[in-house]
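Here the structure is laid out as C-alpha cells; the discussion comes afterwards.
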Amino acid sequence: MLKQALFLLTDRKKSTILMVVLIAFVFFLLGSVPALFTARDNAWFRAEADIRGVFDGIYLNLSEEQRQKLLGDALTKVGWITYYGECEVLEAGISVPAGSFDTTAFELGRIDAVEGRLPERRVRSH
C-alpha cells in the first residue's frame, strides 16, 4: 500500500506539487492571520488612547476620605478631575459640561481644546 502511494505521488507530479503548495499556503494563512488581527487591535488601541487618554480607571464624586484612601494605595499616577455640572447654552440649545482638572489628569486624559485655547494660568486653588 505504501508503494502504491509513493507511485501515485511520483506519477502525478503536477497534482503533488499543487497539493504541497496548497498545504504550505494554508499553513502560511494560519500563521499570519492572527498577527494581522493583533496588529489591528494594537492600532485601534493607540488611536483610542490618543483620543481618550491612557488610564486604568475613573472614580466619580469621591469624598475627601475616599481620595485619601486612593492616595494611600499603590497607584503610580493619580489625577483629579472635578465635575461641576452642565451649563445650558440657550442660544444653541445644548448643554456644556463644566469642571476642572489638575496637570496629572491633563496628562493622563490627553485633554485638548477642539477650538480656542486652554487656560494658561491657575485662577483659584481647590
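The model shown is predicted, which means the values in this text are computed figures rather than measured ones. One is the number of the first residue; the rest follow in order along the sequence.
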Is there a donor-acceptor pair under 3.5 Å between the side chain of Gln66 and the backbone N or O of Ser63?
yes

message = Looking at Asp102 and Trp80, would you say the former's side chain and the latter's main chain have a donor-acceptor pair under 3.5 Å?
response = yes

Residue pairs, two or more places apart or on separate chains, that pass side chain to side chain donor-acceptor pair (under 3.5 Å) and touch residues 20-45 =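 Sorted result for residues 20-45: empty, none.
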
(Q) Could you measure the distance from the CG atom of Leu36 to the CG atom of Leu29? Nearest 0.5 Å is fine. (A)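 With rounding to 0.5 Å, CG (Leu36) is 9.5 Å from CG (Leu29).
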
Apart from Val20 itself, its cluster of hydrophobic side chains linked below 4.5 Å comprises none

Under a 3.5 Å threshold, yes or no: a donor from one side chain and an acceptor from the other, between Tyr84 and Ser100? yes

If hydrophobic clusters are built from ILVMFWY residues whose side chains come within less than 4.5 Å, do Phe27 and Met19 share one?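 Both belong to a single hydrophobic cluster.
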
The side-chain contact (heavy atoms from CB on, under 4.5 Å) partners of Ala92 (sequence neighbours excluded) come to Val89, Ile94

Closest non-hydrogen contact found for Tyr83 with Pro97 is CE1-CB, 3.8 Å

In terms of heavy-atom contacts, Ser95 and Glu88 come closest through CB-OE2, 3.5 Å

